[in-house]
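If you read the sequence from its start, that first residue is 1, and numbering goes on from there.
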Amino acid sequence: MDELIESEVTVVNQQYQLTVQEVLDRPVFQHAYLAAGKKGLQRLVRWVHIIEVIQFEQLLQGGEMILTTGAAFKHDTESFMTYLKQLIKRNVSCLCIEMGHYLSSIPEAWIAAAEDYDFPLIIFPQAVRFIDITQDIHSLVINQHHKALQDLEKISREFHRMTLSSQGVSHVLGLLQSSTKAHVIYVPLDGQPKFIPHLGSRESGRWLALLQDHLTENLENGHRESPFLFEIGGQTIIVQSVGAMGKTWAHMMMVLSRKPTEYEYLILDSASLSIAQDLLRKRYMEERKLYSQTLWVDDLLHLRMRDEEQIKALIGAEYKRLNERSYHVCIIEFEQEHLGGQENEGEGIESLGLHLSLTVRSVFEQHTFYPLMTLKNNRLVVVAFDKGTKRPPKERLQHVFQSLQQMKAEEEIKLTISVGQSNQGFMQAYISYREAIQAISLAPTWQGKVLFFDELGVFQLLFHIADKQVLHAFVRAYLGPVLDYDQIKGSELLRTLKVLLDHDGSKQIAAQQLFIVRQSLYYRLEKIEELLGSDYMLPEKRLALQVGIRAYQLLNPDVKL
């Protein structure tokens, strides 16, 4: 069965394109003859166009067969040369001229000019119906495109079927090669390259070096588009990246002895997508296995594991190196938005978390971190060991979280992220984890921001006050009258006070931030002064009020100020 399918899809690659030579063989061209440009008969015809004006360059995209009665240039050689040069510049396939009202013969100079450019010049010695030609060629082109799409769909289905086998990637590459008649080269980032057909060591080494040179050049020039194309020794090479989640896992090269067609781009894209899905599926299974292996990380973070020898046994040879590296413990809380309170079938918290961990691992590794992860309910905890680069770890962490939030926003997954301070040594991980836990408790207050513990200011001290009654008493002592007034009147004096203090007492900025006019702000400030006393902006009391507001936020994280 496999051999039958491969035989069918191999036959379908009869180029799905029309050449000038094939057009000349059509019945509507039975009375036409080729006057010049025999070497250009393999030019591709994408469409038919009638041009009866002398200036038309912007009307063409390349690959057109041009029909004309000669009305634009008649017997004027200079006008004809202008006309011809525009056609050549726009990469037109050929020119067909009808003899009759405007032209009775073709000057030798015209024929010589077309011959110099290997540009097919076709003559109709008598009047023809251009509409019959356009209908015939357009129908043929459209039918070829339709056939190409049908065959592409057939091959794409076969690509997907092949990836379910143990040798899926090799089978996909083989079918890609037989369907395009091109040399196919597959270069994974962490495996052995594949050459179809097989190449000797010297030749394969040359192609690998060539690929690396062009990838480096594109990276240096800031070109990251895929696929990209280059030419060498009369051959055209298309390079397509293979990957997902913002990470490239491999590159595919297709080496053609001619210009690539749209069909080749499409089939290459389909093959790369099938291989990417196969690799993603395998990585998902690896992630599930890693998840089961790192359940001990949760024990480490909760101080249920205190035996360093046990950690050594679990980590293996990497233990010493990792134990000496600095790390941050990060908490990534995730929530699927717009589910109406129900999980989609097969998309429970664990499944969502495993897919997220696959992305998280990839992004952390891209930014030179070594992640150890554990998943519990809707929280993914990452111990991100810094592998060391010139860029500060905090800067790279910010790029990690920015990438994750952008990627997951497209999937309507809301992420809340907190980060403990830098630490070192496995046995100290619980400290950074505890800080991340404390930081994420403030998430409602710091909406949308990544909560770095070392940026929380006075909150770092407030977290260490175990007796919450002390905080309640402090808040009541300094903010009680304002809180009572807001509760009774439904006003926003506490928020007004916070905004004013946070902006160094600037009334102009406070009014702008509160979206109120100055007069409304003055009224609120008079009421605050009446409740707290006229000395509320003096340094000591002002500091106490700012601490009191932070303590209130800590005690009431769901209240937005």
So, do Thr236 and Met254 sit near enough that their side-chain heavy atoms are less than 4.5 Å apart?
-> no
Electrostatic pair Lys320:Glu324 at N-O distance under 4.0 angstrom | yes
At what distance, to the nearest 0.5 angstrom, does CG of Leu208 lie from CD of Glu203?
-> 10.5 Å
Are Ile238 and Phe228 side-chain neighbours, meaning at least one heavy-atom pair lies under 4.5 Å?
-> no
Could you go through the side-chain contact (heavy atoms from CB on, under 4.5 Å) check for Val297 and Met373 one step at a time?
-> CA-CA 7 Å; Val297 175; Met373 299 190 291; over 6 Å; no
In terms of heavy-atom contacts, does NZ of Lys449 have more than 12 from other residues, nucleotides or ligands at under 6.0 Å?
-> no
Set of salt bridge (charged side-chain N to carboxylate O under 4.0 Å, His left out) partners for Arg542, sequence neighbours left out = Asp504
Shortest non-hydrogen pair, Met253 vs Ile237, comes out as CE-CG2, 3.6 Å
Heavy atoms, side chains only, cut-off 4.5 Å: are Gln546 and Asp502 in contact?
-> yes
Point-to-point distance, once rounded to the nearest 0.5 Å, from OH of Tyr370 to CD of Glu365 | 8.5 Å
side-chain contact (heavy atoms from CB on, under 4.5 Å) assessment of Thr374 paired with Trp296 | CA-CA 8 Å; Thr374 184; Trp296 62 268; over 6 Å; no
For residues Leu375 and Ser357, determine if any side-chain heavy atom of one lies less than 4.5 Å from a side-chain heavy atom of the other.
-> no
Taken to the nearest 0.5 Å, the spacing of Leu532 CG from Leu497 CG works out to 6.5 Å
Sub-3.5 Å donor-acceptor pair from the side chain of Asn323 to the main-chain atoms of Phe426, do we have one?
-> yes
Considering residues, nucleotides and ligands other than Tyr478, do more than 12 of their heavy atoms fall under 6.0 Å from its OH?
-> no
Does the side chain of Tyr319 come under 3.5 Å of the side chain of Glu308 through a donor N or O and an acceptor N or O?
-> yes
Criterion salt bridge (Lys or Arg N to Asp or Glu O under 4.0 Å) on Glu455 and Lys394, from CA distance to verdict = CA-CA 12 Å; Glu455 295 179 357; Lys394 189 170 180 180; 2.8 Å; yes
SB check Arg476 Asp484 (cutoff 4.0 Å) = yes
If you take all heavy atoms of Arg325 and Gly388, which pair is closest and at what distance?
-> NH1-N, 4.3 Å
CZ of Phe334 to CG of Leu415, rounded to nearest 0.5 Å, is 9.0 Å
Over all heavy atoms of both residues, which pair between Tyr186 and Leu173 is shortest? Give the atoms and the distance, please.
-> CB-CD1, 3.4 Å
Any side-chain heavy-atom pair of His183 and Ile196 under 4.5 Å | no
Sidechain-backbone polar pair: Asn377 side chain, Arg379 backbone, donor-acceptor under 3.5 Å = no
Sidechain-backbone polar pair: Tyr327 side chain, Gly425 backbone, donor-acceptor under 3.5 Å | yes
Which residues satisfy the side chain to side chain contact (heavy atoms under 4.5 Å, CB included) test with Leu266, sequence neighbours excluded?
-> Leu152, Glu262
Are any side-chain N or O atoms of Ser272 and backbone N or O atoms of Asp269, one a donor and one an acceptor, separated by less than 3.5 Å?
-> yes
Quick one: salt bridge (charged side-chain N to carboxylate O under 4.0 Å, His left out) partners of Arg306, sequence neighbours excluded?
-> none
Stepwise side-chain contact (heavy atoms from CB on, under 4.5 Å) test for Gln235 and Leu256 = CA-CA 6 Å; Gln235 294 177 305; Leu256 299 160; over 6 Å; no
Test side chain to side chain donor-acceptor pair (under 3.5 Å), reference Asp386, set Gln424, Arg396, His328, output is Arg396
Closest non-hydrogen atoms of Thr445 and Pro557, given as atom of the first, atom of the second and distance, are OG1-O, 3.4 Å
Flag for His399-Arg391: side-chain donor and acceptor within less than 3.5 Å = yes
Output yes when Arg495 and Asp486 qualify as a salt bridge under the 4.0 Å nitrogen-oxygen rule, no when they do not.
-> no
Quick one: CD1 on Ile315 to CG on Leu372, what's the gap to the nearest 0.5 Å?
-> 5.0 Å
Should Val382 and Phe369 count as side-chain neighbours, where that means a heavy-atom distance under 4.5 Å?
-> no
What is the minimum heavy-atom distance between Gly548 and Val475, and which atoms define it?
-> O-CG2, 3.6 Å
To the nearest 0.5 angstrom, please state how far the CG atom of Leu176 sits from the CG atom of Leu268.
-> 6.0 Å
Salt-bridge contact Lys408-Glu335 (side-chain N to carboxylate O under 4.0 Å) = no
Do the ring planes of Phe453 and Phe463 sit parallel (below 30°), tilted (30 to 60°) or perpendicular (above 60°)?
-> parallel
Would you mind reporting whether Lys376 and Val381 have side-chain heavy atoms less than 4.5 Å apart?
-> no
Does Ile465 have any side chain to side chain contact (heavy atoms under 4.5 Å, CB included) partners at least two apart in sequence or in another chain, and if so, which?
-> Leu462, Val470, Leu471
Nearest atoms (heavy-atom pairs only) where His464 meets Gln460 = CD2-O, 2.9 Å
Stepwise side-chain contact (heavy atoms from CB on, under 4.5 Å) check, Met427 with Ile311 | CA-CA 9 Å; Met427 300 310 295; Ile311 300 175; 3.5 Å; yes
Is there any side chain to side chain donor-acceptor pair (under 3.5 Å) pair reaching into residues 426-436, and which pairs are they, with sequence neighbours excluded?
-> His302-Tyr433, Gln421-Glu435
Under the side chain to side chain contact (heavy atoms under 4.5 Å, CB included) test, residues paired with Phe401 that sit two or more places apart | Cys330, Phe364, Leu397, Leu404, Ile417, Val419, Val450, Phe452
Can you find a heavy atom in the side chain of His472 that is under 4.5 Å from one in the side chain of Leu555?
-> yes
